[in-house]
Every structure is written in structure tokens, then in C-alpha cells.
2 protein chains.
Amino acid sequence: MLLAERTLDALGDPTRRLIFKRLKGGNKSVEEVARGLSVSRPAVSQHLKVLKTAGLAVVRVEGTRRIYSVDTRGLTALRGWLDGFWDKTLMAFRDAAEKEAARERETR
Amino acid sequence: MLLAERTLDALGDPTRRLIFKRLKGGNKSVEEVARGLSVSRPAVSQHLKVLKTAGLAVVRVEGTRRIYSVDTRGLTALRGWLDGFWDKTLMAFRDAAEKEAARERETR
DNA sequence: ACACTCCGTAAGTTTATACTTACGGTTAAG
DNA sequence: CTTAACCGTAAGTATAAACTTACGGAGTGT
């Protein structure tokens, strides 16, 4: 499975997006990420695992803590997926416009 | 809820992504989209509804058929979300680098 | 009027997954 | 060596959502 597909799967959950957004602020321990959240700390751990597999987060061990931060690989993959899609869509639009023009010519 | 969040929710499902990709090819009726897919036609209809509410698809009635095509609004929203995230992430990186430099200076 | 095609929705079921509690491992500190 | 902080994983449950079948409406042709 492509990385971009995994990032989309990972970001398809509201709580996971919330957790992911918290990583924007910089390096955060699991306890810090979970603080104030409506779900338990183990749940956060599981979400972080998914984000990690999706190339959206990286861990760094620091004593007894795991410091999580944003991994740009996932974001890059997502951007690539989006750009590719965008191009093909625009091309389809152009084709549709050409067909439209051809139909115009015929009915004249 | 922001549009970008809804697009992420919508694209968080593999079958829905597959359907969405089929819309790239241009205007397609529901029957055409569902053709050869492993899920039933009503299922496709439901997915298309979700894509529509997520700003990723638009419908056009043509006789007894509904022609679906890609809506760029959702893609634009997603791109915006991604860009915003990217900026904040880079800024966090810069801050981290500065802190790192400050620490370097202190220990010297 | 009738038949046929194409499609959306309702209702119900099934399946995936988000979540909790319980537990054990690792590290640092007293 | 004990205690405590921090965290990941296992197992089980609960909930959301993807899917099916059944149905009816709307348009088109005969």
C-alpha cells in the first residue's frame, strides 16, 4: 500500500487528527499529548502508533519518555498524492472542455 | 466542522478513495462508477453522497442518470489544510533549532 | 398505460476500529 | 533494592460505519 493511502487512512479519524495537530507545537511526550484529551493515555499511544506507521510521526527516546514529533515524509506523500490528483482532474476538465467545443462545432 | 476535516474523513476509506479516483476520468454515471467494483451499487451511491458533502464531488442530472464529477472545492480545502500544517511544522522545526543553538551556547 | 432503466433511501446486519482496563517492561531517583 | 514515572501491548467491549437487500420515485421509450 502506498504511503499516501496510509496517511489518508490515519488522518481519517478526528481524535487522531487532534493528536496529530498537537505534534505541530513541537516535541511532546505521550503524557503531554494525552493531557486534557477525552480519551485515555493508552488510546493515545495506539493513535501515535498509527501515525508513526503512516509516516506522520517520529519517536525519540529520552529517559523514560518517548518524545513524538511530526514526520514530514507522510505530509510529503500526501502532498504528492494531492498534486497528482489535481493534475489529472484538470486534464479531465480540459478534455471535457474540448469535447464541449467539438459538440459546438458540430451543431453549427 | 471545517471542509478540510470532512474531506479527510471522506478520503479515509479505501473504497471511497477508489470511487473518487474513478471520477478523475471525467463524468461518470453511478452505474459506470459501480461497474466492476466489489461493492453493490447502493453502496456506491452512499459513498458518492459522502464525497458530495465533503466537497469532493458534484452531480448533474442527465435524463434518468446522475453524472458525477470531481469537485475542486474539497481538493482546495485539503490543500489549504496541508499547507497550513506544513508552515506550522516548519516553524516548530525552526524553534527547535534555535533552542538547540541556545543550548549549545550555554554549554560552551 | 406499461415496461424498463437508473438511481436514492430506509432498515437491518455485519464488520472494522476506537476505546477501556489490566498488565509488564524500562528508566531514573531515593 | 524499592519506588515511582512513563509508556507500549494484550484482551475484551462498545460503537461507528460500511454493506446488503428491499423498495419506490423519476425519467424514457413502446
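- Counting only heavy atoms from C-beta on, A:H47 has its side chain closest to C:dA18 among C:dA18, C:dC7, D:dT20.
- Taking only side-chain nitrogens and oxygens, B:R16 comes nearer than 4.0 Å to OP1 or OP2 of D:dA18.
- Counting to the nearest Å, the P atom of C:dT17 and the CG atom of A:D9 are 8 Å from each other.
- Across the protein-nucleic acid pair, A:I67 atom CD1 and D:dA5 atom C1' stand 13 Å apart, rounded to whole Å.
- For B:Y68 and C:dC6, the shortest distance from a side-chain N or O to OP1 or OP2 is not below 4.0 Å.
- For the pair A:D71 and A:K52, the salt-bridge criterion is not met [side-chain N within less than 4.0 Å of a carboxylate O].
- In terms of heavy atoms, B:L37 sits closest to B:I19 at CD2-CG1, 3.8 Å.
- Here the nucleotide nearest the side chain of B:R41, chosen from C:dC7, D:dC7, D:dT20, is C:dC7.
- A:R66 has its CZ atom 14 Å from the P atom of C:dG25, to the nearest Å.
- Between A:T64 and B:S38, the residue anchored closer to the 5' end of DNA chain D is A:T64, taking for each the nucleotide with the nearest heavy atom.
- Mapping A:E62 and A:Q46 onto DNA chain C by nearest heavy atom places A:Q46 closer to the 5' end of the strand.
- D:dA5 atom C1' lies 14 Å from atom CD of A:E32, rounded to whole Å.
- Enclosure of atom CZ in A:R65 is not indicated, since only 12 or fewer non-hydrogen atoms of other residues, nucleotides or ligands lie within 6.0 angstrom.
- Look at B:R16 and A:E5 and you find no salt bridge, because none of the NZ, NE, NH1 or NH2 atoms lies under 4.0 Å from a carboxylate O.
- A cation-pi contact links B:K24 to A:F85, judged by a cut-off of 6.0 Å to the six-membered ring centre and 45° from its axis.
- Both B:K49 and A:S40 lie near DNA chain C, and the one whose nearest nucleotide falls closer to the 5' end is B:K49.
- The listed nucleotides are D:dA18, C:dG8, D:dG8; the one nearest the side chain of B:S45 is C:dG8.
- Atom C1' of nucleotide D:dC7 and atom NZ of A:K28 are separated by 18 Å, given to the nearest angstrom.
- B:I19 places its CD1 atom 11 Å from the P atom of D:dA18, with the value rounded to the nearest Å.
- For the pair B:R65 CZ and D:dG29 P, the interatomic distance rounds to 12 Å; values are reported in whole Å.
- The listed nucleotides are C:dA18, D:dT9, C:dC7; the one nearest the side chain of A:P42 is D:dT9.
- In this structure, A:D13 atom CG and C:dA16 atom C1' are separated by 12 Å, rounded to whole Å.
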